[in-house]
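Taking it in order: structure first as structure tokens, then the write-up.
Computed from heavy atoms alone, side chains included, the values below leave out hydrogens, waters and symmetry copies. Reminder, nothing fancy here: chain letters follow the sequence lines and each chain counts from 1.
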2 protein chains.
Amino acid sequence: MANENKMEFVILGLLSHTPMTGYDMKKIMDTTMSLFWSGSYGSIYPTLQRLRDNESIVSNETTENGRDKIIYSITDKGRDRLQQWLKKPVIKDELRYETMLKLFFGNEIGEEDTLKHIQEFEDKMKRILPDLKSSVDILNGDVTEPTHEYYMLTALFGVKMYEASIEWCEFVKKYFEGKQVK
Amino acid sequence: MANENKMEFVILGLLSHTPMTGYDMKKIMDTTMSLFWSGSYGSIYPTLQRLRDNESIVSNETTENGRDKIIYSITDKGRDRLQQWLKKPVIKDELRYETMLKLFFGNEIGEEDTLKHIQEFEDKMKRILPDLKSSVDILNGDVTEPTHEYYMLTALFGVKMYEASIEWCEFVKKYFEGKQVK
DNA sequence: TGGCTCATGTAATCTGTTACATGATTCT
DNA sequence: AGAATCATGTAACAGATTACATGAGCCA
């Protein structure tokens, strides 16, 4: 019942950085924030309307490069609500890894098929890790935007998680290899 | 539309280990599997009925210690379905950390309040880590159950994640301290 | 006796995704 | 010309949680 509508605060948070469109928000969620958050248009646009209705944000219709867009900005009321939420204790940090689920039940299909999931997991992280690392490096030297420090720390968290995950994958592979030899 | 009802496979997976009640399943999800999965009675019990209807599992009503319970077992058909799913590629590994969200927007409330979340995050992991480590140790020496190997590897993943997270927390704290001094 | 755990279940509700519709502009 | 991207939006559906109801046994 603690009706904490997260999407509301994600939007308010993004608008606390700078005014933008719903489309822009989706892009940020798909890139910068994808490590720890996600969202679809089907939840972004209705939430924008709700936030506008309760005066947490205001909208501004403009045309840029011949494209109609609605640029949203946060109001004082919205900033207040955001800050209040930010100061509240965290309710839930959730990890939902299908890979771990399939590993947990791996005995049912055996090591070979299970290792395919582990390898895919490792490959995925190795693909993302370089970009994540370079983000950290770029943001680290950047003192123009105070928000970038916070962004850098979340990216660094990603780097640490992915590095630890990759190490774990290597261990799992060796573990199963060792068993094979026996 | 790739209607992958995960809860079905979680239940089939648990029953592939051993027969048990819905209540038992919930307990395992709250403990052993909580690292990478969760579920409520409101999704467990209806799914059990569906799985029984399509003959993936069978139920057995008994009384133990004067308590009525319904013990479910997996059928050959259910095991087939489970194996087919386990062999399919993983669709989604998702991390949803409110702590990272609040850190990402931390500029809005400043370092002091943000650090409270980081500290809480670290404390939580430091509370869980010892149990997780001892699970790994216990399972590591245990060769009685072949499923325990897979369980051990998921627990080890937890250990690696938590250790890396704690290190990251220490870094974040030092990072902000360093800024303070400047 | 009272509170906790064992045990099963449902109704209301929420939250979110998917898939589609629409149409303009930019890139190749 | 055609594909991809920019940009907004909705309807249908999926999936899950919360809160409640019920009742028995165990422990202090």
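- Each of C/dT5, C/dT18, D/dC6 was ranked by its minimum atom distance to the side chain of B/Tyr23; first place goes to C/dT5.
- Between the NZ atom of A/Lys92 and the P atom of C/dT15 there is a distance of 11 Å, rounded to whole Å.
- Closest to the A/Asn5 side chain, of the nucleotides D/dT8, C/dG16, C/dT26, is C/dG16.
- A/Phe9 places its CZ atom 12 Å from the P atom of C/dG16, with the value rounded to the nearest Å.
- The residue among A/Ser43 and A/Glu64 whose nearest nucleotide of DNA chain D lies closer to the 5′ end is A/Glu64.
- A donor-acceptor contact shorter than 3.5 Å links the side chain of B/Glu98 to the backbone of A/Lys92.
- For A/Tyr45 and D/dT8, the shortest distance from a side-chain N or O to OP1 or OP2 is below 4.0 Å.
- For B/Lys6, the side-chain atoms get nearest to D/dA16 when compared with the rest of D/dT8, D/dA16, C/dA7.
- Within the structure, every side-chain polar atom (N or O) of A/Gln49 is placed at least 4.0 Å from both OP1 and OP2 of D/dT8.
- The side-chain heavy atoms of B/Ile118 and A/Leu153, taken from C-beta on, include no pair separated by under 4.5 Å.
- Side-chain contact check for B/Met7 versus B/Met29: some heavy-atom pair is nearer than 4.5 Å.
- Between the C1' atom of C/dA12 and the OH atom of B/Tyr41 lies a distance of 20 Å, rounded to the nearest Å.
- For the pair A/Leu48 CG and D/dA7 P, the computed distance is 14 Å after rounding to whole Å.
- For the pair A/Asp24 CG and D/dT5 P, the computed distance is 16 Å after rounding to whole Å.
- Side-chain proximity of A/Arg96 to D/dC6, D/dT17, D/dT8: nearest is D/dT17.
- Considering A/Phe157, A/Tyr151, A/Trp37 in turn, A/Tyr151 is the only one that fulfils the ring-ring contact (aromatic ring centres under 6.0 Å, His included) rule with B/Phe104.
- Among the heavy atoms of the strands lying under 4.0 Å from A/Thr21 are primed sugar atoms or P, OP1, OP2 only; no base atom is included.
- When ring centroids are compared, A/Phe121 and A/Tyr97 come within the 6.0 Å threshold.
- Position along DNA chain C of the nearest nucleotide to B/Pro46 versus B/Arg67 favours B/Arg67 as the more 5'-ward residue.
- Taking atom CD1 of residue A/Ile71 and atom P of nucleotide D/dC6, one finds them 15 Å apart after rounding to whole Å.
- One can place CE of A/Met20 at 12 Å from P of D/dT8, the figure rounded to the nearest angstrom.
- The nearest whole Å value for the distance from the CE atom in A/Met7 to the C1' atom in C/dT15 is 10 Å.
- Both A/Asp68 and A/Gly42 sit near DNA chain D, but only A/Asp68 has its closest nucleotide nearer the 5' end.
- Nearest to the side-chain atoms of B/Ile70 among the listed nucleotides C/dT17, C/dT8, D/dA7 stands C/dT8.
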